[in-house]
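Reading through the structure tokens given below for one structure.
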Amino acid sequence: MDKFYLEILHKDENSNARVGILHTPHGDVETPMFMPVGTNATVKTLTPEQVKACNSGVVLANTYHLHLRPGEEIVKEAGGLHKFMNYDGPILTDSGGFQVFSLASRRKITEDGVEFRNELDGGKEFFSPEIAIKIQEDLGADIIMSFDECIPYPAKKEYVLKSTERTLRWAKRGLEAHKTDQALFGIVQGGEFTDLREYAAKELAKMDFPGYSIGGTSIGEPKEVCYKMIQDAVRYLPFDKPRYLMGVGSIDYILEGIENGIDMFDCVLPTRLARHGTLMTSKGRINIQRAEFKKDFHPLDDECDCYTCKHYSRAYLHHLYKVHEDLGKTLNSIHNIRFLISLVEKAREAIKENKFKEFKEEVYKKYNDPRGF
RNA sequence: GGGUGAAUAGCGAAGUGGCCAAACGCGGCUGACUGUAAAUCAGCUCUUAAUUGUUCGGUGGUUCGAAUCCAUCUUCACCCA
């Protein structure tokens, strides 16, 4: 197996944006990149071939949900996640730290870990930093995450400090328990507080992870707060290691992240929006359910090179939505994923020419949606 | 020709004397969605600016009050000849 590392090819002269190649056991992928999310070992409504056709690199899966069903022992017996879900590119598993946030009403946090009450039969599921690592080792992704708490926003500084310190202790415990050569990332928490983000980033850097994530963003905080959290965290992370901004998938957040030196993004936004009939375009979002698209025979986005835009009209996608045909969700997901991947591809080209800021301004200028990004 | 049953908002369907402008579902129109408990969720959907006006097949009654009771007509469904 090849060694995991980020090869930085070029840094933009006018910002912190950089382009690179992430070397992984399942292939080299270019950064910055957008990673589609396949929580249950599938990017919903898409085959791996369809995901790859969007020029995907890394794809995500989720430790908590796969632990519940089918269970990591089955995935292991199947030959690991890649074989199980038939995706031969790099895979990243999230640790279950996000579920500490999203399933807050059904879990209890202690120093040792988190006890979840699962939604299937009410059974207890205990996740410790060590258990989360062990499960991820069984799942066999290329990149795995430390077990953390995704801290809600807003939260009192007193709590954010307590939680951030605990997440740091958990990162260290996970690191010590980690046995395989999968790349384990530490996760920077610290909420909206500059000093806590700095503290968390510095402490994690000392532990020398092969990569670093920034967590606890895009969970309802104002845009400016999110941008500040990114900057506060990135500043103290080692330059030559990959930086992963977790859960970010809107155009503006991705571009701001890239400008600040982020290499990896993941988000359920494109796939969820797609299933719900909202399409991302260079000019703004489209709600394909709207009556105005009934007779609109244009593609979703003139500038998009995705399979959906090449072959289907808005009218057809509107029709599929109205009659609840699964194909609509598939075609919409292909478009939204390709749209974001294409966005970061263009960003990479701009960085190589030291024109990232101009590129960003151009994207913003073209975008005209009163509802925002 | 005889009998029985039914007609409620765009559709289906509750309601069988006042709490009914009328449940609920579908359809229609809009929104939301950011490390996925999400093919989900929320709002509006007779008419008004309105506590406004007009409704429950038609007409005429009974009653303080009718979608609900009575009479009659129309249409539909099923059954008998």
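Each chain gets a letter, A, B and so on, in the order the sequences are listed, and its residues count up from 1.
Summarising the base pairing, B:rA14 is matched to no nucleotide, lacking a Watson-Crick or G-U wobble pair whose two defining distances lie under 3.5 Å.
Distance CD1 (A:I286) to P (B:rU30): 14 Å, rounded to an integer number of Å. In this structure, CD1 of A:I288 is placed 16 Å from C1' of B:rG31, rounded to the nearest angstrom. The distance from atom CG of A:L46 to atom P of B:rA39 is 13 Å, rounded to the nearest whole Å.
Note that the CG atom of A:L81 and the CG atom of A:L66 stand 6.0 Å from one another [nearest 0.5 Å].
Remark: A:H67 pairs with A:F127 by the ring pair (Phe, Tyr, Trp, His ring centres under 6.0 Å) rule, at least two apart or across chains.
Only one option out of A:D148, A:T167, A:T217 pairs with A:Q189 in a side chain to side chain donor-acceptor pair (under 3.5 Å); it is A:D148.
In this structure, the side chains of A:M280 and A:L273 come closer than 4.5 Å at one or more pairs of heavy atoms.
Looking only at atom types and distance, the side chain of A:D232 has a donor-acceptor partner in the side chain of A:T194 under 3.5 Å away. If you check the side chains of A:Y227 and A:N260, you find no donor sitting under 3.5 Å from an acceptor.
Nucleotides B:rU54 and B:rU8 are separated by 15 Å at their C1' atoms, to the nearest Å.
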At under 4.0 Å between heavy atoms, how does the protein contact nucleotides 32-37 of chain B? Give one character per nucleotide, 5' to 3', with B, S or -.
BBBBBB

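In this structure, A:K329 does not reach the B:rA38 phosphate: none of its side-chain N or O atoms is under 4.0 Å from OP1 or OP2.
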